2 protein chains.
Amino acid sequence: MDKQISQAVIRRLPRYYRYLGELLDDGVERISSNDLSKRMHVTASQIRQDLNNFGGFGQQGYGYNVAYLHDEIGNILGVNETHNVIVIGAGNLGQAIAGYVKFERVGFKIIGLFDTNPELKGKMVRDLPIQMLDELPDFIKNNDVEIAALTLPKANAKSTALKLVSLGVHAIWNFAHVDLDDIPDVVIENVHLSDSLMQLSYNITKQK
Amino acid sequence: MDKQISQAVIRRLPRYYRYLGELLDDGVERISSNDLSKRMHVTASQIRQDLNNFGGFGQQGYGYNVAYLHDEIGNILGVNETHNVIVIGAGNLGQAIAGYVKFERVGFKIIGLFDTNPELKGKMVRDLPIQMLDELPDFIKNNDVEIAALTLPKANAKSTALKLVSLGVHAIWNFAHVDLDDIPDVVIENVHLSDSLMQLSYNITKQK
DNA sequence: TAGATTGTTAATCGATTAACAATC
DNA sequence: TAGATTGTTAATCGATTAACAATC
């Protein structure tokens, strides 16, 4: 891609995608940046600027075709292809993620679930058996694994991430409470739940 | 609080808190903004600016006392007090959150877990029985509930949020895939997992 | 054509970084 | 005191908003 697009823009794309999906479900055929801006509580200017980072998806005097724009944003985000995901760490959160993401209509498919605890071996979560971590290299060899979700204790996160990268998995959805940003050749997306909760806590406290 | 502090700053505080906690565990007594900046891959200038939104916690020529700064940031975030949390929606994710957050040393305590599915009634998750949603008003009356985590289908999220606010709960940790930002008198913190996954997906796609 | 609305340039605003005087 | 490092002001950078010519 030619010019670097800021993460601020990228963070907004899934929200546009969601609103357009809802409009689509409601049978709305076209929408102007102005109408969309009112629904989403953002400026029309921002919507047009954001979209024009990727191309001209609208038409003067008409607005945007909902189905077309929805599909285009889907393409940009890469959700119109299937992405195979494995989950490392089959605790509560790992099992929830394994069961949860499948529900989304977007194209992420959980194909494996791993842990180190021998007591969990073979336990079924939905239609997936929990596998032991030493089966991971073979599994990756035999399956097209694109993303690994790390739902394991922070102590094991970094070494596991390094192992994943060496096995050829270059995208990590990190739920462990550590930063993995010094690992080369990998895209990291963090979900730090306790950070999120602290932010909430601050905003409550401030309000008083 | 006098001047409005931007959410960009607030978002960084939990990360400072985490790094200071680790330094504390490692027995480090003091640290300069410069040393901390190297560890965290941010600028020293940003650290000093961020902290000075809340007061002068350092000392010229010395730096920052780790224990003191850790504690002060904890106070700002409100994690040195206990916050009672209930979880609405006892599916996979709700059960995971109910079991998970308790593990954190920060002061969030899950005291109730609710669902509408009668089959789940009374089922124990850790030491909490799943209660039915119609027991919620009494529960809130008899307990000091500060935060509600919404881990339920998007279709029910808004009406549940409205009900919570009317019952006196003014902080929502929202895992449902909807925006609740048009509800008055409530602080919302969103965790949109599928948005996060899409962002990851974009960053993979871009890389290629 | 006239009206509507985009795509895009220009202006503004806010956040980040740099610089340095204050001070421990 | 001299050296180190903060707190804070000033400069820069980037993101958001406004404005409007292009055009459907």
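Per chain, numbering begins at 1; letters A, B, ... match sequence-line order. Fair warning: this is a prediction, and the values are worked out from it, not measured in the lab.
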| field | Test item: A:D26 side-chain N/O and A:V28 main-chain N/O as donor-acceptor pair under 3.5 Å | value | no

[atom1] of [X] versus [atom2] of [N]: gap in Å, rounded?
X     : N      : atom1 : atom2 : value
B:F54 : D:dT6  : CZ    : C1'   : 18 Å
B:N53 : C:dT16 : CG    : P     : 10 Å
B:Q60 : C:dC20 : CD    : P     : 17 Å
B:Q59 : C:dT23 : CD    : P     : 13 Å
A:Q4  : D:dA15 : CD    : P     : 10 Å
A:R11 : D:dT16 : CZ    : C1'   : 14 Å
A:Q49 : C:dA11 : CD    : C1'   : 12 Å
A:L51 : D:dT16 : CG    : C1'   : 15 Å

| said: So, under a plain 3.5 Å distance rule, would you say the side chain of A:S6 forms a donor-acceptor pair with the base of D:dA15? | reply: no

| message | Just verifying a value: how many Å separate B:K154 NZ and B:L180 CG, rounded to the nearest 0.5 Å? | response | 11.5 Å

| Roughly how far, to the nearest 0.5 Å, is CD of A:Q4 from CG of A:N53? | 10.5 Å

Among the candidates [options], find the nucleotide nearest to the side-chain atoms of [X].
X     : options               : result
B:Q46 : C:dT17, C:dG7, D:dA18 : C:dT17
A:S32 : D:dT6, C:dT6, C:dA18  : C:dT6
B:T43 : C:dC24, C:dT17, C:dG7 : C:dT17

| field | Base-pairing mate for D:dC24 - Watson-Crick or G-U, with both contacts under 3.5 Å | value | C:dG3

| request: May I ask which nucleotide in the shown strands pairs with D:dT17, Watson-Crick or G-U wobble, both distances under 3.5 Å? | output: C:dA10

For [N], take OP1 and OP2 only and decide whether either is under 4.0 Å from a side-chain N or O of [X].
X     : N      : result
B:S33 : D:dT6  : yes
B:R48 : D:dG7  : no
A:R12 : D:dT16 : yes
A:Y64 : C:dG7  : yes

| said: Please verify the inter-ring angle class for B:Y17 with B:H70; under 30° counts as parallel, over 60° as perpendicular, anything in between as tilted. | reply: parallel

| query | Can you list the steps and then say if B:N203 with A:Q7 is a side-chain hydrogen bond (donor to acceptor under 3.5 Å, both in side chains)? | reply | CA-CA 9 Å; B:N203 286 316; A:Q7 288 296 310; 3.0 Å; yes

